[in-house]
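Have a look at the structure below, then the notes.
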Amino acid sequence: MSSSSSGGGNISTAATPPDPHASHRPDPRPTGQDVAPDGSLRRTLKSRHLTMIAMGGAIGTGLFVASGNSINTAGPGGALVAYAAIGFMVFLLMQSLGEMATHLPVAGSFEEYSTRYISRSFGFAIGWNYWYNWAITVAAELVAAALVMRYWFPDVPAWIWSALFLVILFSLNALSARAYGESEFWFSLVKVITVVIFLVLGVLMILGILGGPSPGFHNWTAGEAPFVNGFTGIMAIFMVAGFSFQGTELVGVAAGEADNPRETVPKAIRTVFLRILLFYIGAIAVIGFLIPYTDPHLLASDVEDVSISPFTLVFEHAGVLAAASVMNAVILTAILSAGNSGLYASTRMLYALAKGGKAPRFLARVNRRGVPMLALLATTLIGMFCFLTTLIGEGQAYVWLINASGLAGFIVWMGIAWSHYRFRRAYVLQGGDPRNLTYRARFFPIGPVVALIMCAVVILGQGYSLITSGEVNALGLLSSYLGLPVFLALWLGHKVVTKDKPVDLLTADVSQH
């Protein structure tokens with residue numbers, strides 16, 4: 001199958017004889033070029049853009065607001081265990097994605113890998129599933145941004161702010177991939193600086209240097225701490241943590257427009273995981289030391305609760321002036337960052353689907369700036385339509401749309417792990433030497449297998465807390481699992497219509513084009 005984007009053939013496979021890739025030699029053009037042929041994307045994203053895109057995708061309201069709720073549910077120890085476990089799973093997934101994205105850096109990313117190494121039907125389902133997930137995310141962020149603005153302007157209608165932010169996000173994405181990357185760099189930098197300041201002030205408060213005497217380990221031993229609600233609590237946060245880390249895979253989509261992906265993608269993969277894990281584990285540890293898990297403020301988990309979010313409370317205790325307003329501005333930045341990335345990711349996925357014949361061909365048209373404008377317009381319209389459903393019938397249609405996308409990220413992660421397992425097997429079966437891969441994932445084959453199993457546990461455990469709480473109802477369970485039948489319908493529906501068969505590993509396309 002052909003690649004979803006040009007410029008991806010600038011990495012050499014150099015397999016040992018017999019060489020199955022002899023007809024796929026490196027592209028002689030420099031990888032750092034800004035000008036691409038008509039009809040293709042442009043490689044204008046630098047290493048700093050890729051790093052911040054992946055980091056920004058995983059640092060948002062889940063950390064700034066809802067992290068306190070995690071500690072309230074599972075205690076500081078339970079929250080740390082859950083986030084560390086999910087962090088390890090993300091590490092394995094990023095290793096898998098890094099190997100494939102460096103070997104074949106295309107805008108379609110995991111849609112392309114699923115198509116090449118599993119089946120065309122599975123790739124079809126993964127691609128549309130990912131596009132839908134991020135298009136819905138854009139709508140969700142428009143709603144959240146309006147709620148945040150209500151903090152400062154309570155009398156201005158919410159739809160005005162949502163419309164304004166949609167215009168801003170569309171404009172950034174319509175300019176060029178470089179404009180998106182640059183805006184995302186600064187959005188993410190604000191979030192990263194905020195977390196760093198929080199960690200520094202938090203450590204000073206834990207040591208008793210700032211904000212009064214040291215709390216010591218009191219909050220880690222009071223009541224049921226450090227592990228509250230036992231395994232049930234950890235399991236509940238296991239899923240919350242998974243949602244918090246979603247977005248790290250954006251680096252795979254952005255690889256299709258990366259300048260010199262041979263160097264920039266591995267660098268982003270290596271640095272992103274450690275930094276994100278440090279931020280999450282560090283922040284939860286600080287909150288666990290400074291705020292008891294029984295504090296009712298930790299129950300806050302919505303953007304409207306910014307004034308009592310754990311970050312705001314710690315900043316206030318440290319003497320930061322107007323802490324609530326500062327955090328409100330940071331959370332608005334996080335929301336715009338998520339919406340910006342959502343619009344970019346879904347547009348590039350729709351473009352890749354069109355290039356591969358899985359969506360209308362006209363959506364693959366690219367303008368002179370290297371932007372797939374028709375795909376961007378289509379995605380923006382869907383996001384706007386989904387937002388408008390919040391105004392109809394008390395927003396019930398919107399709630400169901402959000403629920404349908406709930407598991408999409410985990411399904412994509414499973415697709416990444418499965419694709420990588422089959423890619424490496426196909427590569428070796430066809431005579432390739434893994435030592436010649438530009439970036440080689442650690443712990444293969446255990447890595448992708450463990451990641452696949454952990455993702456499956458998260459998906460199956462979606463309704464665990466509902467069942468164990470005794471408040472189970474059919475509608476609640478259906479809501480939790482709605483994304484799964486949607487994905488299966490796409491996969492099996494395409495398979496039945498096209499009579500598609502699984503890819504044979506001996507003939508799978510492991511080339512770099």
Where [X] and [Y] come nearest, the two heavy atoms and their spacing:
X      : Y      : result
Leu250 : Ser341 : CD1-CB, 3.6 Å
Ser325 : Trp152 : O-CZ2, 3.6 Å
Ser346 : Trp134 : CB-CB, 3.8 Å
Ser114 : Gly123 : CB-CA, 3.7 Å
Ile126 : Ile411 : CD1-O, 3.8 Å
Pro105 : Arg43  : O-NH2, 2.9 Å

Less than 4.5 Å apart, side chain to side chain, heavy atoms only: is that true for [X] and [Y]?
X      : Y      : value
Thr380 : Leu343 : yes
Ser337 : Glu184 : yes
Tyr132 : Ile382 : no
Met52  : Lys191 : no
Asn129 : Val486 : no
Thr248 : Trp413 : yes
Phe64  : Thr312 : no
Lys495 : Ser119 : no

Exam field: side chain [X] to backbone [Y], donor-acceptor pair closer than 3.5 Å:
X      : Y      : answer
Arg365 : Pro372 : no
Arg116 : Ser511 : yes
Asp500 : Arg120 : yes
Gln95  : Phe444 : no
Tyr113 : Leu104 : yes
Thr333 : Ala329 : yes
Tyr280 : Gly87  : no

Does [atom1] in [X] sit with more than 12 non-hydrogen atoms of other residues, nucleotides or ligands closer than 6.0 Å?
X      : atom1 : answer
Lys267 : NZ    : no
Arg369 : CZ    : yes
Trp186 : CH2   : no

Q.
Working note: Leu175 + Tyr180, criterion side-chain contact (heavy atoms from CB on, under 4.5 Å); need CA distance, chi angles, decisive distance, verdict.
A. CA-CA 8 Å; Leu175 285 173; Tyr180 156 72; over 6 Å; no

Could you grab the distance from atom [atom1] of [X] to atom [atom2] of [Y], nearest 0.5 Å is fine?
X      : Y      : atom1 : atom2 : result
Leu142 : Leu336 : CG    : CG    : 9.0 Å
Leu92  : His420 : CG    : NE2   : 10.5 Å
Leu93  : Phe410 : CG    : CZ    : 10.5 Å
Phe170 : Met373 : CZ    : CE    : 4.0 Å
Glu99  : Ile416 : CD    : CD1   : 13.0 Å
Ser109 : Leu97  : OG    : CG    : 5.0 Å

Q: Answer yes or no: is there an ion pair linking Glu182 with Arg48, defined by an N-O contact shorter than 4.0 Å?
A: yes

Q. Should Tyr130 and Glu249 be marked as a side chain to side chain donor-acceptor pair (under 3.5 Å) after you check the CA-CA gap, both sets of side-chain angles, and the distance that decides it?
A. CA-CA 11 Å; Tyr130 195 71; Glu249 78 286 339; 2.8 Å; yes

Parallel, tilted or perpendicular: rings of [Y] and [X] (30°, 60°):
X      : Y      : answer
Tyr427 : Phe423 : tilted
Trp161 : Phe165 : parallel
Phe198 : Phe311 : parallel

Q. Out of Glu111, Glu112, Glu257, which one pairs with Arg348 under the salt bridge (charged side-chain N to carboxylate O under 4.0 Å, His left out) rule?
A. Glu257

Q: Show the numbers, then the answer: is there a side chain to side chain donor-acceptor pair (under 3.5 Å) between Asn340 and Ser183?
A: CA-CA 8 Å; Asn340 195 33; Ser183 60; 3.0 Å; yes

Q: Give the C-alpha distance, both sets of side-chain angles, the deciding distance and a yes or no for side-chain contact (heavy atoms from CB on, under 4.5 Å) between Val265 and Leu50.
A: CA-CA 7 Å; Val265 172; Leu50 285 188; 4.1 Å; yes

Q: Check step by step if side-chain contact (heavy atoms from CB on, under 4.5 Å) holds for Arg422 and Leu505.
A: CA-CA 7 Å; Arg422 287 181 59 84; Leu505 295 181; 3.4 Å; yes

Q) Can the ring centroids of Tyr421 and Trp418 be said to lie less than 6.0 angstrom from one another? A) no

Q. Does the side-chain contact (heavy atoms from CB on, under 4.5 Å) test come out yes or no for Tyr351 and Leu376, once each step is laid out?
A. CA-CA 9 Å; Tyr351 160 84; Leu376 175 60; over 6 Å; no

